[in-house]
Structures are given as C-alpha cells and as structure tokens.
S.K.: 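The structure that follows is given in the form of structure tokens.
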Amino acid sequence: MLARNFYMLLASLASVSNAEKATNVSIYAYGVGINGLSVYANSNLTAMIADDATALANGLKNITWSIDTTGAAPWNVTIANSSTTGQFYIVPTSDAHEKAGFNKTTPSGAATTGFVIYGSTVEYSTGTTYESQFYAQNSSTGIWSLVWNSDSEDLDDGVPLVLKTIAPVSPDES
C-alpha cells in the first residue's frame, strides 16, 4: 500500500513538472482589428504580428515557442526552417513603448523571465502582480510590432493587445 501511494505521488509530481514546460507552442495576438494573428520574427528577431499571407509576402519568420508556464525560466523560440533560436524579452524598465523580441543579446533593462500563462493569456509577473501591457504598433500595412507599454500610456499608432496560446476559431469550425 505504501509503495502504491509513493508511486502515485511520483506520477503526480512528474505530471506537474511536465505541465510547467510546454514545447511547440504558438502565441496569438488579440485586439481591435487584430483577431488572433500569429506572432512572427523579422530578420532582426523583433516580434511582429501579421496575418499569414502578409507575413509570408514580407519575409517574416514562423516561430515555435518552448515556454515555462511558471515564469522561472526564459521562453525560448526557434525560427522555422532554421537553427536560429532566441529568448523572448520585453523591456519593463522603460517609460517608452519598447519593442519585444527574441535576441540572444537583449537590450538594457530587458526581462527574459517572469512570463506566465494565466488561463490561456500571456502575463508578465513583477513578483507581486501579473501585467499584460502588450501593444501592437503599426509598422506598415498589415504588419504590427509587438511592444511592451510600461507606463500604460495610449499609443497613437497602436492597439492594446492580449496574447494567448489559443488559436482563433476559423469560420469553418464555428
């Protein structure tokens, strides 16, 4: 009986451990006029948002995410059809709207840990609160830069976003 209970305890700990790590994750952006668009990387490894056709036409790269849902470890991305990898970062220490990205060398004040999944929403943990201050800043027609808005100020050429791990429902599926 004791051995059985010990085995069940080990099995439950293993499932908790696996639940903290997720691979091959996709992240989608939701906001006014942005209805579940994918997050891509441009050639500078800046995080971009676009529909699939616009991304392909403009050389944006598909990415897959390996995430630690607890916020303890960095979120790594792999560029599709490439050996290029990087860590997702935001710059929460700036009063400006700073672009998010995936560089191995991050800008001053960048955070590469603290990202958590709350339900299906991507949040940033300050240690005392969860924040979601993502914005899409219009870069060109149909392409948006993903930025972090530390000061919660409106962005003239931007839209507040929610990032989620759930893909939009296509009209065929509803």
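Bear in mind that the values here come from a model prediction, so they are computed numbers and not experimental data. Basis for what follows: all heavy atoms, side chains included, without hydrogens, waters or symmetry-related copies. Here, residue 1 is the first one in the sequence, and each next residue gets the next number.
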S.K.: Supply the atom-to-atom distance Lys61 NZ to Thr78 OG1, rounded to the nearest 0.5 angstrom.
M.R.: 14.5 Å
S.K.: To the closest 0.5 Å, what do you measure between CG (Asn103) and OG1 (Thr112)?
M.R.: 12.0 Å
S.K.: Please name all residues satisfying side-chain contact (heavy atoms from CB on, under 4.5 Å) with Ala73, sequence neighbours left out, ordered by chain then number.
M.R.: Lys21, Asp68
S.K.: Do Leu45 and Val147 share a hydrophobic cluster, counting only Ile, Leu, Val, Met, Phe, Trp and Tyr and linking them when any side-chain heavy atoms are less than 4.5 Å apart?
M.R.: no
S.K.: Under the criterion side-chain contact (heavy atoms from CB on, under 4.5 Å), I'd like the reasoning laid out for Glu131 against Thr126: C-alpha separation, chi angles, the key distance, then a yes or no.
M.R.: CA-CA 7 Å; Glu131 297 179 351; Thr126 65; 3.4 Å; yes
S.K.: What's the verdict on side-chain contact (heavy atoms from CB on, under 4.5 Å) for Ile63 and Phe102, showing C-alpha distance, side-chain angles and the deciding distance?
M.R.: CA-CA 10 Å; Ile63 56 175; Phe102 311 106; 3.5 Å; yes
S.K.: Could you report the tightest heavy-atom contact between Tyr28 and Gly36, atom names first, then the distance?
M.R.: CD2-O, 3.6 Å
S.K.: Working note: Tyr124 + Ile90, criterion side-chain contact (heavy atoms from CB on, under 4.5 Å); need CA distance, chi angles, decisive distance, verdict.
M.R.: CA-CA 9 Å; Tyr124 173 67; Ile90 61 170; 3.8 Å; yes
S.K.: Would Val159 and Met48 show up in the same hydrophobic cluster when neighbours are defined by side-chain heavy atoms closer than 4.5 Å?
M.R.: no
S.K.: Pairs under 3.5 angstrom only: tabulate donor-acceptor contacts from the side chains of residues 50-57 to other protein residues two or more places apart or in another chain.
M.R.:
residue, atom, partner, partner atom, Å
Asp51, OD1, Ala53, N, 3.1
Asp51, OD1, Thr54, N, 2.7
Asp51, OD1, Thr54, OG1, 3.0
Asp51, OD2, Thr54, OG1, 3.2
Asp52, OD1, Tyr40, OH, 2.4

S.K.: Look up atom CG in Asn42 and atom CD1 in Ile143, then write down how far apart they are to the nearest 0.5 Å.
M.R.: 9.0 Å
S.K.: Is the shortest heavy-atom distance from the side chain of Val77 to the side chain of Thr85 under 4.5 Å?
M.R.: no
S.K.: How close do Pro107 and Val91 get, counting heavy atoms only, and between which atoms?
M.R.: CG-CG2, 4.0 Å
S.K.: Go through the side-chain N and O atoms of Ser139 and Ser145 and say whether any donor and acceptor fall under 3.5 Å apart.
M.R.: yes
S.K.: For Tyr135 and Trp148, run ring pair (Phe, Tyr, Trp, His ring centres under 6.0 Å): C-alpha distance rounded to whole Å, both residues' side-chain angles, the deciding distance at 0.1 Å, then the answer.
M.R.: CA-CA 6 Å; Tyr135 262 70; Trp148 182 256; 9.8 Å; no
S.K.: Using the rule that Ile, Leu, Val, Met, Phe, Trp and Tyr join whenever any side-chain heavy atoms are under 4.5 Å apart, tell me whether Val39 and Ile79 fall into a single cluster.
M.R.: yes
S.K.: At their closest point, which heavy atom of Phe134 faces which heavy atom of Leu146, and how far apart are they?
M.R.: CD2-CD1, 3.9 Å
S.K.: Quick one: are Pro74 and Thr113 in side-chain contact, heavy atoms under 4.5 Å?
M.R.: yes
S.K.: Can you check whether Tyr30 reaches Lys164 side chain to side chain, under 4.5 Å on heavy atoms?
M.R.: yes
S.K.: Evaluate side-chain contact (heavy atoms from CB on, under 4.5 Å) for Ile27 paired with Thr165, printing each intermediate quantity in order.
M.R.: CA-CA 5 Å; Ile27 304 287; Thr165 57; 3.9 Å; yes
S.K.: If every non-hydrogen atom of Thr23 is compared with every non-hydrogen atom of Ser66, which pair is closest and at what distance?
M.R.: CG2-OG, 3.9 Å
S.K.: Are Ile67 and Val116 connected into the same hydrophobic cluster when the rule is that any two of I, L, V, M, F, W, Y join if their side-chain heavy atoms are below 4.5 Å apart?
M.R.: no
S.K.: Within this structure, what is the NZ-OH distance for the pair Lys104 and Tyr89, rounded to the nearest 0.5 Å?
M.R.: 14.0 Å
S.K.: Can you measure from OG1 (Thr69) to CD (Glu20) and round to the nearest 0.5 angstrom?
M.R.: 6.0 Å
S.K.: Should the ring pair Trp65 and Phe88 be called parallel, tilted or perpendicular, given that the plane angle runs from 0 to 90° and is split at 30 and 60?
M.R.: perpendicular
S.K.: With side-chain contact (heavy atoms from CB on, under 4.5 Å) as the test, pick out the partner of Leu161 among Ile49, Val122, Val32.
M.R.: Ile49
S.K.: Using the side-chain hydrogen bond (donor to acceptor under 3.5 Å, both in side chains) criterion, which residues pair with Trp75? Sequence neighbours excluded.
M.R.: none
